[in-house]
Structure formats: structure tokens, C-alpha cells
Amino acid sequence: MKVAPKLIFLLRDPEGLVTAIADALHSNPSSSYRRLEESFELSLEQRYGIKEQKARGQLVHFIDDKGNYQVSVLLLQNYEPPALVCAISEVLAQLNCQTSTLPLLLAPFVVESSKLKGQEKSLAASESKVSLYGLQIGLETDITQAMAARTQKAPSSLQIHCEPLACFLQLVRILKLPTFILIGQRTTSHSNKTSGGELQILHEMGDLLTSNTGLSFRREKIIWNPAKESKDAQEPWRALYG
């Protein structure tokens, strides 16, 4: 799997928040980058014994006028456990097999506040800004330093009860992939919905990602319709564990 040295890793979520970020990422008008799109499909049978599902997704590459890949955006299909960890693992393993230098992964996640435990203080909007957690794995680079300067450092006591984020974090640590994770906290309260809290998170994440990759985040391209999901319908796999 060929990708650029800077890779924005996006994992689809049921409500389409991450997909909205992908839709708004474009080449900067001042750059000469051209856009190349492709899809991928990776078998999960040989390593994990899963025949019914494959790791599927889309890749968008931004390539300069010399043909060099500058930035890639990877959007992985949404999965439920146990296929979730297998799909993420297979994609990351493909990145780890590259003969060139490992790419820097920039991975935004929007997580419900109830699934983040042990914060020293809750993340909240400060004036017109939305605070984001930043979590660095692996070697520090100019990009990770710049992103860390604009985010709150995740406390060591932070407990993550969001399966996609927890799986991704564990795997990049095991594979020692240079990674910077952005964590935006959202609530399910009615007031947050009406105040556009999720959109503020998307805007802050998009601006932060593009300011460090040379891309452009076009807010008008965001297409997101909040899904009305009942509490009983969320994560039905939990019933298996009592």
C-alpha cells in the first residue's frame, strides 16, 4: 500500500463525523497538488480466519508536480468487534511493510464524553474555540510538536472506553508507528446538538490537520446529518458480555 510521508488516518463512524472531515479535505489553491483517488480491499482470512469480511476503504493522495506523494488520506470502513481490530491491524501492517520511511499518522477521533474517564478536567469550549486532546506515539517531529502546541496533552490517567480509538491506539503502540492522535470530546445532550458542538469539533480538527499538511479544509464541503440513534441500539455486541 503506497502512501505519502504524511497520512491522515480516518475511521468511519456510524454518525458520519469522520466522513465529513474527509469530504472537506482538499488541495490548497496555492499549491500544485493533484488529487488521486483509489480504493483498497485487504483479506482478513489468512491472518485472522475471517472469510466474510475484508478491510475496505478509500485512499486519496495529494501529489506534487514532480509526482511525489505529499499527503495521503485513508478512510477505513466502519466495523464492529471483533472484525474491527482485525481490519485496523491489517491496514497498519500494510503501512509497516513499506520499505521506505514509515509515514507519520495523523488520526482524528470524535468520542462521546462518557467514554473518556479519568480526565483531570473535562474538555469544553473556550470562547469560540474547542479544546482537543493530543496524544503522541513514537518519534517527535516538527508536525507533532506544532499539533501538540495547539492541543491539550492527554493525561496519563485517561481511560478510553471507545473501541475504535482504543484498538487503534494499542496497535500503533505495538507496531511503533509514529502517530499523533486528535481526540475531540462530544456530548449527547440536546444543548450540545443545538449549539453545533460537533461542527465546532470538526472545524477545529480540520484546521489543525490542514495547517500542518499543506492542505485546505473547506468548511462549506462538510455534509453531516446527525443520526438519531436509540440508546438500546448502540453497540449491540456488548450484550454478548452481559
Kindly compute the distance separating CZ (Arg56) from CG (Asn78), expressed to the nearest 0.5 Å. 14.0 Å
Please confirm whether the backbone N or O of Lys221 pairs with a side-chain atom of Asp23, one donor and one acceptor, at under 3.5 Å? no
Is it the case that the side chain of Ser114 and the backbone of Glu112 share a donor-acceptor pair, with hydrogens and angles ignored and the cut-off at 3.5 Å? no
Can the positive tip of Lys153 be found less than 6.0 Å from the middle of the six-membered ring of Tyr133, inside 45° of the ring normal? no
Under 3.5 Å, side chain of Asp64 to main-chain N/O of Lys66, donor-acceptor pair present? yes
To the nearest 0.5 Å, how far apart are OG in Ser89 and CD1 in Ile174? 8.0 Å
Within this structure, what is the OG1-CG distance for the pair Thr210 and Leu106, rounded to the nearest 0.5 Å? 11.0 Å
side-chain contact (heavy atoms from CB on, under 4.5 Å) partner of Phe109, the single match among Leu135, Leu165, Ile160, Leu10: Leu165
Heavy-atom closest pair, residues Val172 and Ile137: O-CG2, 4.2 Å
If only atom types and distance count, is the side chain of Tyr79 paired as donor or acceptor with the main-chain N or O of Lys54 below 3.5 Å? yes
Here the gap from Leu105 atom CG to Lys6 atom NZ, rounded to the nearest 0.5 Å, amounts to 13.0 Å
Do Gln145 and Glu140 have side-chain atoms, one donor and one acceptor, less than 3.5 Å apart? yes
So Glu37 and His61, side chain to side chain donor-acceptor pair (under 3.5 Å) or not? Walk me through it. CA-CA 6 Å; Glu37 299 184 17; His61 307 290; over 6 Å; no
Are side-chain N/O atoms of His26 and Ser216 paired as donor and acceptor at under 3.5 Å? no
Could you tell me the separation between the CG atom of Leu208 and the CZ atom of Arg150, rounded to the nearest 0.5 Å? 4.5 Å
Does any donor atom in the side chain of Arg186 or Gln200 lie under 3.5 Å from an acceptor atom in the other side chain? no
Any idea which heavy atoms bring Gln58 and Phe40 closest together, and the distance? N-CE2, 3.7 Å
Scan side-chain atoms only and decide if Glu90 and Gln94 contain a donor-acceptor pair under the 3.5 Å cut-off. yes
Students often mix this up, so state it plainly: with edges at 30° and 60°, are the rings of Phe168 and Phe9 parallel, tilted or perpendicular? tilted
